[in-house]
Amino acid sequence: MSRAAQIGLWLIAASLLASRATQAAESPSAPTATLLGNGQAGQVTVPVGSLVTFNWQATQAIQAHSSYTVSPAESCPGQAGTGPWPWIATTLQGSVTLTALPCHAGHTYTFTYTATNPAGQHAISTLAAVVLPAAPPPAAPVPTATLLGNGQAGQVTVPVGNAVTFSWRAMDAVQASSYYTVSPEESCPGQTGTGPWPWVATNLEGSTTIAALACHAGHTYTLSYTAMNSAGQRAEARLAVVVPHILVNNAQVLGQHVPPTLIAEEFSPVSVIVRNTGTTTWTQAAYYGLGSQAPQDNLTWGRGRVELPVATVAPGETVTFQFPITAPANLGQYAFQWRMVQEYVEWFGEASPMVMISVTEVVRPPIPPPAQPPPPTTPPSPTPTPPAPTPSPPPPAPSPAPTPPPPTPSPPPTPSPPPTPPPTPSPPPSPPPPPPPAPSVPTAVTVSDDGDTTDSTTTLHATWTASSDSGSGIAEYQYLIRQDAIDGLLLVDWISTGLATEMTRTDLTLLSGKTYFTGVRAKNRAGVFGPIAYSDGVTVLADAPPTGSIAINNGAAHTKTTAVTLTFSVTDDDGTVAQLQCSNDDVTYTPPEPYQTTLPWTLLSGDGPKTVYAKFSDAEGRWSTSVSATITLDTRPPVITITSPVDGAVIGAPP
């Protein structure tokens, strides 16, 4: 190749190189963007209270800017330090150190740093700064509560007159409270000792001794001691203090039916009605019965004891002793009186009223004198006829032998008896005495009760018309009470009202929906009963307990706190709702308190459905069944995660 050709080729190559250089100068390079947090790209973790140093740099760029998002959204007023969170950069290179304040705990800041070259190309660097939440404080230990009575947990029996020592202790708790219930309710005025019944404690540990006074007999005190820790967790200890009844035999005589007069050796039924007013149960096996009095253990009426007619008679129940007696053989006045006895143990209770019974002979109607016959006519006396002489015995036959003895002289003649007078005629026979008149019978009465219905479950009242008796007169009236029909269940056996024509019983146990009939009969002084008459019946329609409903936070489905408000809607037959009590488990209820339509309440801790129960009572103390409402407790906020743009993405870069 010639030198000129070589020079031409060089000129062409140089032109091409110059052209490429010019093209390169006209196309700027793509920018770059770098963003670091504490020297890390992509993501940095910043514990609460620690520092974070941001470094950023842009190349081949003429401007830069940054933006951020925060999840979850937050507000952190009054920040301090070298710069506020979050950092914002607009320079091409720089560094800054910021304080991660506690109010940022739990938040993630996603920073985007963008660099732009003269051609409008962008480079993006993304950094996620995760501010760790403050380490949760150590979980509060679960509290414990202990309550003892005389060293025993759960239940302790305290005989009347003995003392009870309470000891209590709460562990891992900041406060404690207590309350009690007593069954049955009671009032015990004028108490003495180290403290009144019942004990109530609010401190975390302690001990006290209290005298168990006699007026507490038959009651059970349920004490509840509750400890709570700083997290609101609760622990409860319960103790039942049982003060048993004093076992006492006692009795009240409600009436007796005794004839005022008996015929000597006459057999007659009697009855004595007795109520058990003690605290022991009478039983046949323990040899309870009636014993004779005036004087004690006498056998005047043919017996000195009457066995209990039923197997058991509980406190408050009534029993009727019906038994026969035999009148003494001798005439006179004899005392009739009986009293309850437990053989080999004691006599107890009041004796029946002493009644003097007259014992008489059989009364027969007098025999009328015989009718006088007319005077008889006396016949003439006949001339007496001399009796024929008694013949002399025949002489003996002559004997040929010696000379016969001289003849035996004849006996003198027997004189004739005097003439027999004619017989006196017998009087005509007396007619038989007329039969005694049939005993009179008292007339029937008419019984009235207090209308068709009653709302009382303890009281019945009845009146009746007077009876009459044409013979001996009325001695007393008696009544009984039956359930369901006039031949139904016997609720009250015959009771004497004397001559009163009304009765009121206030100690009954009547069932709502049942009908009760009062029967009445009269008895005359001869001991004859008239016919039984019954009332037309009275039906018990007792008031029902209150009914109602409960709502939590006005029926809301969810709550973020355990503090809620209960709302009640309750009605009662007589319009009076007296008390309410609530529970978180339908087992342990708060003490009864006056009814109100709203009540602040604390749910059990722990997210999830929570149910609250309530019961209501009327003025008479009738409690409803429990009603309930449910709400869901949710105390945790939602969690948000950013999925776009991804870390390190470049927006606007050429393909």
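Note that the structure is predicted; figures quoted are calculated from it, not measured. The chain is numbered in sequence order, starting from 1.
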For side chain to side chain donor-acceptor pair (under 3.5 Å), just list the numbers for Tyr516 and Gln483, CA-CA rounded to whole Å, side-chain angles, deciding distance to a tenth of an Å, and then say yes or no.
CA-CA 5 Å; Tyr516 296 87; Gln483 179 181 297; 3.1 Å; yes

(message) Regarding Gln252 and Thr277, do their side chains bring together a donor and an acceptor under 3.5 Å, going by distance alone?
(response) no

| message | Check this for me: does any side-chain nitrogen of one of Asp484 and Arg482 sit under 4.0 Å from a carboxylate oxygen of the other? | response | no

Query raised in the report: Where does the angle between the aromatic ring planes of Phe348 and Tyr288 fall among parallel (under 30°), tilted (30 to 60°) and perpendicular (over 60°)?
Result: perpendicular

task = Check whether the side chains of Ser496 and Gln478 place a donor and an acceptor atom closer than 3.5 Å, and report yes or no.
result = no

Counting only heavy atoms not in Tyr534, do more than 12 sit closer than 6.0 Å to its OH atom?
yes

Residues passing the side-chain contact (heavy atoms from CB on, under 4.5 Å) test with Thr226, sequence neighbours excluded, are Ser177, Ser224, Arg234, Glu236

Residue pair Thr630 / Thr611, side-chain donor-acceptor N/O under 3.5 Å: yes

Quiz item: Judged by modelled atom types alone, do Thr598 and Thr567 share a side-chain donor-acceptor pair under 3.5 Å?
Solution: no

Original post:
Is Pro442 close to Phe529 at the side-chain level, that is, under 4.5 Å between some pair of heavy atoms?
Top reply: no

Interatomic distance, CG@Asn250 vs CD@Glu350, rounded to 0.5 Å, equals 8.0 Å

Answer yes or no: does atom CE of Met354 have more than 12 heavy-atom neighbours from other residues, nucleotides or ligands under 6.0 Å?
-> no

### Message
I want to know whether Tyr589 and Trp623 have ring centres closer than 6.0 Å.
### Response
no

Of all heavy-atom pairs linking Gly278 and Pro315, the shortest is O-CB, 3.3 Å

field: Centroid-centroid under 6.0 Å between Phe323 and Trp338 rings
entry: yes

Nearest heavy-atom approach of Thr518 to Ala462 is CG2-CB, 3.9 Å

Check: Do Thr443 and Ser467 meet the criterion of a side-chain donor-acceptor pair at a distance under 3.5 Å?
Finding: yes

